[in-house]
Protein chains: 2
Amino acid sequence: MSAQMSIASPEEPHSAPTLSAVAKLAGVSSITVSRVVRLPDLVAPETRGRVEAAMRELGYVPNQLAVALARARTRSIGVLVPTIANSIFADTVQGLSDELEPLGYAVILAQSRYDAAREYHMLSALLSRRPEAIIMVGSPATEDGARLLRRAGIPVAETWDLPEAPIDAVAGFDNYEAGVAVARHLVGQGRSSLAFIGGDDPRATRRWNGFNDTAQALGAKAPRRLVLDRNASGSVVALAELPGVDAVFAANDAHAIGFMSGLRKAGLLRDGPAGEQTVAVVGLGDLEMGRLIAPSLSTIRVNGDAIGRTAAKLILAREGPRHIDLGFELVLRDSG
Amino acid sequence: MSAQMSIASPEEPHSAPTLSAVAKLAGVSSITVSRVVRLPDLVAPETRGRVEAAMRELGYVPNQLAVALARARTRSIGVLVPTIANSIFADTVQGLSDELEPLGYAVILAQSRYDAAREYHMLSALLSRRPEAIIMVGSPATEDGARLLRRAGIPVAETWDLPEAPIDAVAGFDNYEAGVAVARHLVGQGRSSLAFIGGDDPRATRRWNGFNDTAQALGAKAPRRLVLDRNASGSVVALAELPGVDAVFAANDAHAIGFMSGLRKAGLLRDGPAGEQTVAVVGLGDLEMGRLIAPSLSTIRVNGDAIGRTAAKLILAREGPRHIDLGFELVLRDSG
DNA sequence: ATTGGCGATGTTAACGTTGTCATTTGCCAT
DNA sequence: ATGGCAAATGACAACGTTAACATCGCCAAT
C-alpha cells in the first residue's frame with residue numbers, strides 16, 4: 001500500500017482545499033473568504049461566521065505559494081551554512097530562526113559542505129524559491145556565486161567574518177585578529193613553538209594568518225599548520241604530528257577538545273592552571289563543553305547566537321549600519 | 001541609503017527576470033524558453049542557442065513558486081525540530097538534508113522549542129507552504145497538530161521515538177527500552193540509589209519510565225527524577241540536589257557531561273574505569289565529546305544521522321516498511 | 001423624491017509558470 | 001501535385017491567490 005493511500009481520508013483522494021472550495025461551501029465568492037482571512041473587519045459578522053465554519057470544516061490552510069506569487073512576497077529567507085551538525089553554526093541558525101519565525105518568515109536551509117560547486121548550486125536553488133533575503137556563513141567562494149547574489153537584488157548578510165568587499169550586510173568578527181590575540185597571549189606566556197590545527201576554509205585560514213604573522217613578529221619560531229579534515233576526532237592523533245610543540249591554537253573548540261584528548265593519552269595534561277600545562281591549548285567558539293571539561297578550555301569566545309540574530313535584524317532593517325563587528329573575547333581557563 | 005538601493009544595479013530597479021523577459025530578448029515565445037530549460041531536445045539548436053544567450057545575459061533563474069503552483073509540486077519538505085542548537089537533532093537535520101538536497105528538495109526548517117502552541121503554529125505555517133512531506137522529531141504534542149498532519153494528505157515521518165499510533169512513517173528507537181537498559185546495567189553493577197536527570201518532554205519521560213520501572217523491579221530504591229530546564233549547565237549543580245545517589249542516567253550527553261563537571265568539582269570523579277566511580281554516569285546520544293573527555297562517558301548510542309537519512313528515505317518511498325526501529329546501543333566507558 | 005456615501009460583496013486581471021492543444025513549415029512517398 | 005507526417009513553435013487556460021475596481025442596497029441629508 002502506498003504512503004499516499006495509507007493516510008488518505010476515507011472520503012476522496014483529496015488535495016488541499018482551496019479558497020473557492022471554502023467559498024462554495026459558505027455560499028460566498030472566494031474574495032470574501034480571502035478577506036475573512038486577511039481583513040476580517042471588512043466582512044459582516046454573520047457572513048464571517050459562516051465562512052469560518054466552512055474553513056474549519058474543510059481544514060482550510062491558505063496556500064502560501066499562491067499568496068507569494070500574487071503579492072510578490074514569499075516571506076521566506078534562504079540560509080546557507082557549510083554544515084549544521086556538530087557545529088558552531090547551529091547556534092547561528094537557531095538565533096536567526098528565533099528572530100525570523102515569529103515574524104512569519106520561513107527558513108529555507110541549505111548546506112554547502114565547504115564545497116564551492118555545491119555552494120553555487122545551493123545558492124541558485126535557494127534563489128529560485130525567491131527568498132526575500134539570504135543569510136550565509138562566510139562569503140561566496142566564487143565570483144559567480146557573488147554575482148548571483150548581487151543580481152538577485154535582495155538583502156544579503158554574510159556572517160562569521162568581515163569580508164573586505166561585502167555584497168551587502170555583514171555580521172561577524174575579525175578572524176585575523178582572533179589569530180593575533182591567541183598568538184600574542186601564547187608568546188606572552190613564554191611559549192615559543194606554536195602550531196595551528198584546523199580546516200583550510202577561508203575563515204580558518206584568516207585565523208592562521210593572524211596567528212602566524214604575530215607569532216613570528218614576536219620572535220617565536222615559525223608556527224606549524226596542520227590541516228585536518230572536518231572530522232574532529234582526527235585531531236586526537238594530531239599530537240603525533242607535532243613533536244616539540246608547546247602551544248596549540250585550534251580553529252574551533254571541537255578540534256581543541258579532540259587534541260586535548262590526545263594530550264591526555266600521552267600524559268601531558270595537568271589539572272592545574274594554564275601556566276603549568278606542558279602544551280597549552282586554545283580553541284575558538286566557546287562551546288559549553290569547553291567550560292565543563294578538565295582542564296577547562298581556554299578559547300576565543302564568539303557568540304554564534306548573536307551573529308544569527310544580528311544578521312536577521314540586518315536583512316530586515318531598511319536603514320542603519322549594515323556592517324556589524326560582534327567582536328570576540330579571549331577567555332583564559334586552565335588549558336592555556 | 002536603504003539596503004535595496006545599495007545593491008540595485010545601476011540600470012533599473014529590477015525585479016527578477018521572467019520567462020517572458022527572456023523570450024522577448026531572444027525573439028521567441030515564453031513557452032519556448034520554458035522548453036529550453038526543461039526539454040532542450042524539443043527546440044532547434046539555433047533557437048536554443050539564442051535563448052540560452054538571453055538567459056545568461058539577464059541572469060535568469062526560474063521562479064520555483066510559479067513552477068510549483070503550475071505543476072502542484074513544490075519540491076520542498078518541512079522539518080520540525082524542538083531546537084537545533086547544541087543538540088543531538090542537528091545530526092538528524094544534516095542527515096536528512098544530505099539525502100534530500102541532491103534530489104532537488106528544499107528543506108524548510110522550523111523549531112517548536114518544546115512548546116505545544118508554537119509547535120501547532122509552526123506545523124500550520126509549514127503546511128501553508130505545501131511541502132511534499134513533513135519530517136518531525138517526536139510526535140505532535142496535541143491532537144490538533146496530529147489532525148493537521150493527517151488532513152494534509154502528505155507523507156509524514158515521526159522520528160526519535162516509536163509512537164504507538166503513528167500518523168504515517170516512523171524512524172526512531174524505543175526510548176523506554178533505553179531506560180530499561182541503563183537501569184539494568186546500573187543495578188547489575190551493584191548501584192542501588194539511582195537518579196534520572198533531564199527534561200520532561202515525551203521522549204525523556206519515556207526513558208524515565210523504563211528506567212524507573214526496571215530499577216524498582218530489580219530491587220533498587222525508587223529512583224529520583226530531577227527535571228532540568230533546557231540549559232545544560234543547570235546539570236552542573238544537580239549534584240547538590242541528589243544526596244546519597246550512586247548512579248545517574250542523564251537524558252542526554254550534554255546533561256551527563258554537565259553533571260560530571262559537578263562531580264569533578266566535588267572531587268568525586270576518578271580516572272579509573274566504571275566500577276571505581278563513586279557516582280556512575282550514563283548519558284544518551286553518544287556525542288563525540290563524551291568519548292574524548294576523562295573519564296570517558298558511558299552512553300546510549302543513538303545514530304541521529306541515520307535517523308534523518310532513514311526518515312528522508314521513508315517519505316520518498318512509495319512502498320516498503322514504514323516503521324523502522326534504528327535501535328540503540330549501550331556503550332560502556334569509564335564513567336559508569 | 002433625489003442624491004451621496006458607506007458598508008458589504010463581487011468581477012476581472014494579474015502573478016510566472018506548465019499542460020494541452022493548435023499551427024506552421026518543409027519534406028518525402030505516392 | 002498532394003496528402004501525410006514530423007519537427008518546431010505558439011496560443012490559451014489553468015494553478016490559488018490578491019489588487020483594483022465594480023456593483024448593490026440602504027439610509028441620511030438635501
Side-chain angles (χ1 to χ4, degrees), chain A residues 14-52 54-55 58-76 104 125 127-132 152-153, chain B residues 14-52 54-55 58-76 104 125 127-132 152-153:
Chain A
H14 66 177
S15 61
T18 69
L19 216 45
S20 55
V22 176
K24 204 157 111 189
L25 183 59
V28 298
S29 72
S30 5
I31 194 69
T32 300
V33 180
S34 174
R35 282 199 268 254
V36 169
V37 175
R38 297 174 302 136
L39 315 154
D41 293 345
L42 292 188
V43 177
E46 196 268 336
T47 316
R48 194 193 312 162
R50 243 180 325 133
V51 171
E52 276 162 353
M55 296 199 302
L58 294 178
Y60 173 71
V61 177
N63 184 332
Q64 278 301 129
L65 283 134
V67 174
L69 192 58
R71 313 186 49 172
R73 288 214 58 185
T74 58
R75 292 210 154 262
S76 69
L127 253 16
S128 76
R129 307 191 113 105
R130 299 291 186 266
E132 295 184 23
Chain B
H14 66 178
S15 63
T18 69
L19 217 44
S20 55
V22 176
K24 206 159 110 187
L25 182 58
V28 298
S29 74
S30 7
I31 195 73
T32 300
V33 180
S34 174
R35 281 199 268 255
V36 169
V37 175
R38 296 175 301 136
L39 314 154
D41 294 344
L42 291 188
V43 6
E46 196 267 338
T47 315
R48 194 193 313 160
R50 241 176 331 131
V51 170
E52 276 162 353
M55 293 199 304
L58 294 178
Y60 174 71
V61 178
N63 184 333
Q64 279 302 129
L65 283 129
V67 174
L69 191 58
R71 310 184 56 169
R73 288 214 57 184
T74 57
R75 291 208 154 264
S76 69
L127 253 14
S128 76
R129 306 191 113 106
R130 297 295 185 263
E132 295 184 20

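Sequence lines set the chain letters: A, B, ... in the order given, protein chains first and strands last, and positions in each chain run from 1.
In terms of the side chain to side chain donor-acceptor pair (under 3.5 Å) criterion, residue partners of Thr18(A) (sequence neighbours excluded) are, by chain and number, Ser20(A). Leu58(A) is linked by a side-chain contact (heavy atoms from CB on, under 4.5 Å) to Pro17(A), Ala21(A), Val22(A), Leu25(A), counting only residues two or more places apart in sequence or in another chain. For Glu132(A), the side chain to side chain donor-acceptor pair (under 3.5 Å) partners are Arg73(A), not counting sequence neighbours. Among residues two or more places apart in sequence or in another chain, the side-chain contact (heavy atoms from CB on, under 4.5 Å) test is passed with Ala125(B) by none.
Between chain B and DNA chain D, the heavy-atom contact criterion of under 4.0 Å yields a 5' to 3' nucleotide range of dA8(D) to dG16(D). The span of DNA chain C lying next to chain A, judged by atoms under 4.0 Å from heavy atoms, is bounded 5' to 3' by dA8(C) to dG16(C).
Closest non-hydrogen pair, Ser29(A) versus Ala23(A), comes out as C-CB, 3.6 Å. Nearest heavy-atom pair, Ser76(A) versus Arg129(A), reported as atom, atom and distance to 0.1 Å: OG-O, 4.3 Å.
Ranked by how close their nearest DNA chain D nucleotide is to the 5' end, Ser30(A) and Ser30(B) are led by Ser30(B). Looking at which nucleotide of DNA chain D each of Ile31(B) and Arg130(B) is closest to, the 5′-most match is held by Ile31(B).
Residues Thr32(A) and Thr47(A) form a side-chain contact, since some pair of their non-hydrogen atoms from C-beta on lies under 4.5 Å apart. With contacts defined as side-chain heavy-atom distances shorter than 4.5 Å, the pair Val36(A)/Glu52(A) qualifies.
Every pair passing salt bridge (charged side-chain N to carboxylate O under 4.0 Å, His left out) that includes a residue from residues 31-47 of chain A is listed here, sequence neighbours excluded: Glu46(A)-Arg50(A).
Side chain of Arg48(B) to backbone of Pro40(B): a donor-acceptor contact under 3.5 angstrom is found. A donor-acceptor pair under 3.5 Å links the side-chain atoms of Thr74(B) to the main chain of Arg130(B), judged by distance alone.
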Cut-off 3.5 Å, no hydrogens considered: what does the side-chain donor-acceptor table look like for residues 60-68 of chain B, sequence neighbours left out?
residue  : atom : partner  : partner atom : Å
Asn63(B) : OD1  : Leu65(B) : N            : 2.8
Asn63(B) : OD1  : Ala66(B) : N            : 3.3

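Consecutive pairing runs in DNA chain C reach the stem threshold at C:1-30 with D:1-30, where a stem means at least three Watson-Crick or G-U wobble pairs with distances under 3.5 Å.
Near-neighbour residues of DNA chain D inside residues 66-74 of chain A, defined by a heavy atom below 4.0 Å, number-ordered: Ala66(A), Val67(A), Ala70(A), Arg71(A). For the segment residues 33-44 of chain B, the set of residues with a heavy atom within less than 4.0 Å of an atom of DNA chain C comprises Ser34(B), Arg38(B), in numerical order.
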Begin with the C-alpha distance, continue with both residues' side-chain angles, and end with the deciding distance and a verdict on side chain to side chain contact (heavy atoms under 4.5 Å, CB included) for Val51(A) and Val43(A). CA-CA 10 Å; Val51(A) 171; Val43(A) 177; 5.7 Å; no
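Within the 4.0 angstrom heavy-atom criterion, no nucleotide atom of any strand lies near Ser20(A). Contact annotation for Thr47(A): backbone-only contact, meaning every heavy-atom pair under 4.0 Å involves sugar-phosphate atoms and none involves a base.
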